Amino acid sequence: MGSDKTEQDSLIYRIGKKYDTMSKGQKKLAAYITANYDKAVFLTAAKLGETVSVSESTAVRFATLLGYEGFPEFHKALEELVQERLNSISKIEITESKLSKAEVLETVMVSDAEKIRLTLQSISKEAFEEAIESIMHGERIYIIGIRNCMPLASFLGFYLNLMFDNVTVVTTNSASEIFEQMININPGDVVIGISFPRYSMRTLKAMEFANDRNAKVISITDDKHSPLNLYSSCNLLARSEMATVVDSLVAPMSVINAMIVSLFMKKPEIVTGKLEMLERIWEDYQIYSSDEINVAEDEVAIRNI
């Protein structure tokens, strides 16, 4: 079977192709399955419908909408998806059985470098430029990264705040607080969602909300079958396979670095001005101490506070 046919036969591909034609209930099923495929595989049509708060018949119609003859064939495709995703877990077992402590540093760093190389080969330059232009012209910029992706979101947010006055890093893990922070989103805004397997349902729902509000949605994720791509019009794909017991986020960070540099180059005067202002603030308010500290003067300063 050729690669094109395999891709078009995949469950996530079919969901993405049919998403715009789905009913509200079917979209709920799509969101749940893409984010919780490992749980959905154990559910009957009735139980799946109950879990997502739709009818059993809606779950069956969902399967036929995707081109399957019935729910059993859909369930088989779901099992294949789970097996595909679980292959990454077997990589952990193989790595841990073969890797000696002496080889860890070299092996992990070489693996990370390879992920950056593969990402550079496959990432869409057009999507990258589209993301940069969208951020440049966004009325407000929201960045969403939950759990292990929170450091990526915070890093991107730190530098975007040097260039723009309208950046919000959505940092909470509470679903309700995420929507509270995004309540004023409108079609002129930009939302950057960052998530890698296992995908965050909270990030996914926030991107769905932004898409429903007609905001520009950008995803930073691992491949074209990621559920984040259901709601984004601009997809930046970075490799993130598991090297051992942790996910490698080196390639996503490299993509984010490239975004920051590209944006800096488009606004050099503003960035330079803000950095100079920060240097003055750091000096005036003694944010960073010198290497040599005068103990006597420091004690006087403390007493006068």
Side-chain angles (χ1 to χ4, degrees), residues 112-171 178 181-182 185 187-197 199-200 203-204 206-207 210-211 215-241 247-275 278:
D112 282 344
E114 178 68 4
K115 291 179 181 66
I116 293 177
R117 186 186 69 81
L118 293 172
T119 296
L120 180 59
Q121 286 182 348
S122 60
I123 193 170
S124 167
K125 307 302 190 298
E126 293 78 11
F128 181 84
E129 290 301 325
E130 181 184 346
I132 297 302
E133 288 301 314
S134 298
I135 294 168
M136 284 288 298
H137 298 102
E139 294 178 11
R140 284 187 296 253
I141 303 165
Y142 296 86
I143 306 169
I144 308 167
I146 305 298
R147 300 181 68 186
N148 66 331
C149 292
M150 191 176 294
L152 296 176
S154 298
F155 183 84
L156 178 58
F158 174 82
Y159 285 100
L160 291 193
N161 268 305
L162 294 179
M163 292 178 276
F164 305 99
D165 300 322
N166 52 359
V167 178
T168 298
V169 179
V170 181
T171 56
I178 287 175
Q181 293 182 47
M182 298 177 63
I185 197 167
D189 297 337
V190 175
V191 176
I192 305 170
I194 309 172
S195 191
F196 292 83
Y199 306 107
S200 165
T203 300
L204 193 63
M207 293 179 70
N211 182 66
K216 176 70 175 181
V217 182
I218 299 167
S219 68
I220 302 177
T221 188
D222 62 323
D223 68 40
K224 57 191 171 184
H225 298 314
S226 166
L228 271 68
N229 298 337
L230 292 171
Y231 306 113
S232 64
S233 59
C234 181
N235 309 320
L236 302 179
L237 307 181
R239 299 292 287 267
S240 178
E241 292 88 351
D247 297 325
S248 171
L249 297 177
V250 171
M253 177 62 84
S254 187
V255 171
I256 288 172
N257 277 339
M259 293 173 67
I260 292 167
V261 172
S262 182
L263 289 164
F264 272 18
M265 292 175 67
K266 291 181 180 292
K267 304 186 72 171
E269 300 85 0
I270 295 176
V271 174
T272 301
K274 285 197 174 183
L275 287 174
L278 277 174

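Throughout, residue positions are numbered sequentially from 1 according to the sequence presented. All values derive from a computational prediction rather than experimental measurement.
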*asked:* For the backbone of Ala251 and the side chain of Lys115, can you confirm whether one donor and one acceptor N or O come within less than 3.5 Å of each other?
replied: no
*Mind running side chain to side chain contact (heavy atoms under 4.5 Å, CB included) on Leu152 and Met253 for me, showing each step along the way?*
CA-CA 7 Å; Leu152 296 176; Met253 177 62 84; 3.7 Å; yes
*Report the C-alpha distance between Val217 and Leu228 in whole Å, list the side-chain angles of each, state the deciding distance to 0.1 Å, and finish with yes or no for side chain to side chain contact (heavy atoms under 4.5 Å, CB included).*
CA-CA 10 Å; Val217 182; Leu228 271 68; over 6 Å; no
_Heavy-atom closest contact (Lys266 atom, Ile132 atom, distance)_ = CE-CG2, 3.4 Å
*Closest non-hydrogen atom pair, Met207 against Tyr231*: O-CB, 3.8 Å
*Considering all heavy atoms of both residues, which atom of Ala131 and which atom of Leu236 are nearest to each other, and what is their separation?*
CB-CD1, 4.1 Å
*asked:* Given 3.5 Å as the limit, does a donor-acceptor pair link the side chain of Asn161 with the main chain of Gly157, or not?
replied: yes
*N/O donor-acceptor pair under 3.5 Å between Ser122 side chain and Leu118 backbone*: yes
Solution key, residues 134-141 side-chain donor-acceptor pairs under 3.5 Å, sequence neighbours excluded:
{"from": "Ser134", "atom 1": "OG", "to": "Glu130", "atom 2": "O", "distance (Å)": "2.8"}
{"from": "His137", "atom 1": "ND1", "to": "Glu133", "atom 2": "O", "distance (Å)": "2.9"}
{"from": "Arg140", "atom 1": "NE", "to": "Tyr142", "atom 2": "OH", "distance (Å)": "3.2"}
{"from": "Arg140", "atom 1": "NE", "to": "Asp189", "atom 2": "OD2", "distance (Å)": "3.4"}
{"from": "Arg140", "atom 1": "NH2", "to": "Asn184", "atom 2": "O", "distance (Å)": "2.4"}
{"from": "Arg140", "atom 1": "NH2", "to": "Asp189", "atom 2": "OD2", "distance (Å)": "3.1"}

*Is it true that atom CZ of Phe164 has more than 12 heavy atoms of other residues, nucleotides or ligands lying nearer than 6.0 Å?*
yes
*Output yes when a side-chain donor or acceptor of Ser154 lies under 3.5 Å from a complementary backbone atom of Met150, and no otherwise.*
yes
*First locate atom CD1 of Ile123, then atom CG of Leu237, and finally report the distance between them rounded to the nearest 0.5 Å.*
7.0 Å
_Does anything in residues 250-261 form a salt bridge (charged side-chain N to carboxylate O under 4.0 Å, His left out)? List the pairs, not counting sequence neighbours._
none
*To the nearest 0.5 Å, tell me how far Thr119 OG1 sits from Glu114 CD.*
9.5 Å
*Check Ile144, Thr221, Ile194 against Thr203 for a side chain to side chain contact (heavy atoms under 4.5 Å, CB included) and give me the one that passes.*
Ile144
*Say whether, by atom type as modelled, one donor and one acceptor occur between the side chain of Ser219 and the main chain of Asn229 under 3.5 angstrom.*
no
*Under 3.5 Å, is there a donor-acceptor pair between the Asn235 and Ser232 side chains?*
yes
*How far does CZ of Phe128 sit from OG of Ser262, to the nearest 0.5 angstrom?*
4.5 Å
*State the OG1-CG distance between Thr168 and Asn166, to the nearest 0.5 angstrom.*
8.0 Å
_From CA spacing to verdict: side chain to side chain contact (heavy atoms under 4.5 Å, CB included), Leu120, Arg117_ = CA-CA 5 Å; Leu120 180 59; Arg117 186 186 69 81; 5.9 Å; no
_Ignoring hydrogens and geometry beyond distance, is a side-chain donor-acceptor pair present between Asp222 and Ser240 at under 3.5 Å?_
no
*At their closest point, which heavy atom of Ala238 faces which heavy atom of Phe196, and how far apart are they?*
O-CE2, 3.4 Å
*Take Phe155 and Ile260 through the side chain to side chain contact (heavy atoms under 4.5 Å, CB included) test and state the conclusion after the steps.*
CA-CA 10 Å; Phe155 183 84; Ile260 292 167; 3.6 Å; yes
*If every non-hydrogen atom of Asp112 is compared with every non-hydrogen atom of Ser248, which pair is closest and at what distance?*
OD1-OG, 2.6 Å
*Which atoms form the tightest heavy-atom contact between Met182 and Val170, and what is the distance?*
CG-CG2, 4.2 Å
